[in-house]
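For reference, the structure discussed in these notes is given below.
The shown structure was predicted, so the numbers you read here are calculated from the model rather than taken from an experiment. Read the numbers this way: they start at 1 and go in the same order the structure lists the ligands and their atoms.
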Amino acid sequence: MAGATRDSLGAMPSRRDARTYDLKDLRDRVMRESGGAVDDSIPQLAEADPELLGIAIVLPDGSVRTTEQADVAFSVQSAVKPFLFALALLDTDGEVLDRIGIEPTGEAFDAIKLESGTGRPPNPMVNAGALLTAAVVDGDGVEGRNERILRGLSAFAGRELTVDEDVARNEHLLGDRNHALAHLMRSEGTLRISADDAVAVYARACAVLVDVEALAVMGATLAFGGVNPVTGKRVVPAAVARDVVSVMATCGVYDGSGRWMRRVGIPAKSSVSGAIVLSVPETLGAAVISPPLDEQGTSVRGSKACDLLSAELDLHVFGSLGD
Ligand code: GLN
């Protein structure tokens, strides 16, 4: 078990079982963590309750285990990016891979930077990339793409999701860096719809309302090869799920991705709402929400919860620390 020490006989304590793992105790321990600041890019995020903490895990048999506050709604923000990438791969039959990089940037999520030489967004987990993936999904105009995205995200979640229209409006109005990125991509010829339409579609995708229960099911659908373990329905082909989880592993926590992979060892995506979605291949999906963020824009308590989950359920994809 990662993080565990051998007892006096040299034996490793037995691996805890996710079916009986004490999530309430996990939440209590994570609550003791402090620090970070709530995002203030739009009023709705600035008003988030800093004490909100919800955790959900989804097991291979589709059972969902939750803590209190697992049903509190929040805007998905950047945790939508893996799912936009999945829909873009699906709708373009993989052609989007010619128009977007898949290398980590070592830079912030909204860095005004495209891949040198090609003018492509560096990867689908940063804003430039998500503006592009949202722009290439099926659908006519802003409306058609919005519908396609909401339908696709709902299939990942296994329930009908809705949009917080005020968040969508503010993301569109106040997302100056996203407008800048969209114009930059237009000038490079990588974005083929209008810059304003691209920002509108992406802003509305960020404003989709989820709770950690829905987000954990979404993460689980990627973890289980594209099949939603709750509904039993295939949402994307296994090859798409594998591509998305691979890029979550390398780019999901922006300029903290390398450290995250070493420490937590789980493909993940962070977001400014304070949510983190986790996909442990063939093992489980999980999500945490806690709004105060560190400098990389990752939830402080969420990160702690992921550390503990990884160590205590032995989830590091590159193996245990012990024997
Ligand atoms: N709404 C945010 C933006 O694009 C999402 C960013 C994030 O969650 N890191 O600016």
Side-chain angles (χ1 to χ4, degrees), residues 36-48 52 73-85 88 100 104-114 121-135 145-146 149 153 163-185 191 195-210 212 215 218-219 247-248 251-257 260 268-278 287-300 302-303:
V38 172
D39 181 83
D40 61 359
S41 58
I42 58 168
Q44 288 85 355
L45 288 172
E47 286 157 13
L52 167 63
F74 53 86
S75 58
V76 63
Q77 300 293 339
S78 280
V80 78
K81 288 170 177 165
F83 307 97
L84 291 178
F85 182 36
I100 195 166
T105 62
E107 301 203 38
F109 67 90
D110 56 356
I112 309 290
K113 202 168 170 195
L114 301 179
N123 70 63
M125 301 296 136
V126 294
N127 285 16
L131 283 159
L132 188 85
T133 54
R145 290 185 178 90
N146 283 338
I149 289 169
L153 298 179
V163 174
D164 183 325
E165 299 296 346
D166 292 333
V167 170
R169 206 168 307 113
N170 279 338
E171 290 283 344
H172 188 183
L173 275 176
L174 304 174
D176 290 326
R177 297 183 72 84
N178 292 331
H179 286 276
L181 281 166
H183 283 288
L184 199 56
M185 287 193 286
L191 182 67
D196 194 61
D197 282 1
V199 177
V201 175
Y202 168 70
R204 206 154 187 275
C206 287
V208 169
L209 288 170
V210 291
V212 280
L215 197 54
M218 294 169 79
V247 178
M248 287 166 78
C251 309
V253 192
Y254 312 121
D255 41 340
S257 296
W260 178 274
K269 184 72 209 75
S270 56
S271 91
V272 291
S273 52
I276 303 176
V277 57
L278 303 174
V288 189
I289 177 78
S290 167
L293 309 174
D294 66 15
E295 291 82 55
Q296 267 86 41
T298 306
S299 166
V300 172
S303 179

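Contact annotation: the side chain of Leu52 approaches that of Pro291 to within less than 4.5 Å [non-hydrogen atoms, C-beta and beyond]. The shortest distance between side-chain heavy atoms of Leu191 and Leu131 does not fall below 4.5 Å. A 4.5 Å side-chain heavy-atom check between Tyr202 and Leu181 finds every atom pair outside the cut-off.
The protein atom (non-hydrogen) at minimum distance from atom 9 (N) of ligand 1 is Ser78 OG, 2.8 Å. Nearest protein neighbour of atom 10 (O) of ligand 1, counting heavy atoms only, is Asn127 ND2, 3.3 Å. Regarding atom 4 (O) of ligand 1, its nearest protein heavy-atom neighbour is Tyr202 OH, 2.6 Å. In terms of protein heavy-atom proximity, atom 2 (C) of ligand 1 is closest to Gln77 OE1, 3.3 Å.
Side-chain contact check for Asn178 and His172: no donor-acceptor pair (N or O, by modelled atom type) lies under 3.5 Å. In this structure, a donor-acceptor pair under 3.5 Å is present between the side chains of Gln44 and Asn170.
Residues Pro122 and Thr105 share a closest heavy-atom pair of CB-CG2, 3.3 Å.
Between Tyr254 and ligand 1, at least one N/O pair is under 3.5 Å apart. For ligand 1, the polar-atom distance check against Glu171 finds a nitrogen or oxygen pair separated by under 3.5 Å. Not one N or O of Cys206 is nearer than 3.5 Å to an N or O of ligand 1, by distance alone.
Residue contacts with ligand 1 include Asn178, since one of its heavy atoms falls under 4.0 Å from the ligand.
Those atoms of ligand 1 that come under 4.0 Å of a heavy atom in Ser271, given as number and element, are 8 (O).
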Which atom pairs, one a donor and one an acceptor, fall under 3.5 Å between side chains of residues 75-84 and the rest of the protein, sequence neighbours left out?
| residue | atom | partner | partner atom | Å |
| --- | --- | --- | --- | --- |
| Ser75 | OG | Gln77 | NE2 | 3.0 |
| Gln77 | NE2 | Glu171 | OE2 | 2.9 |
| Ser78 | OG | Lys81 | NZ | 2.8 |
| Ser78 | OG | Tyr254 | OH | 3.1 |
| Lys81 | NZ | Met125 | O | 3.3 |
| Lys81 | NZ | Asn127 | OD1 | 2.6 |
| Lys81 | NZ | Tyr254 | OH | 3.3 |

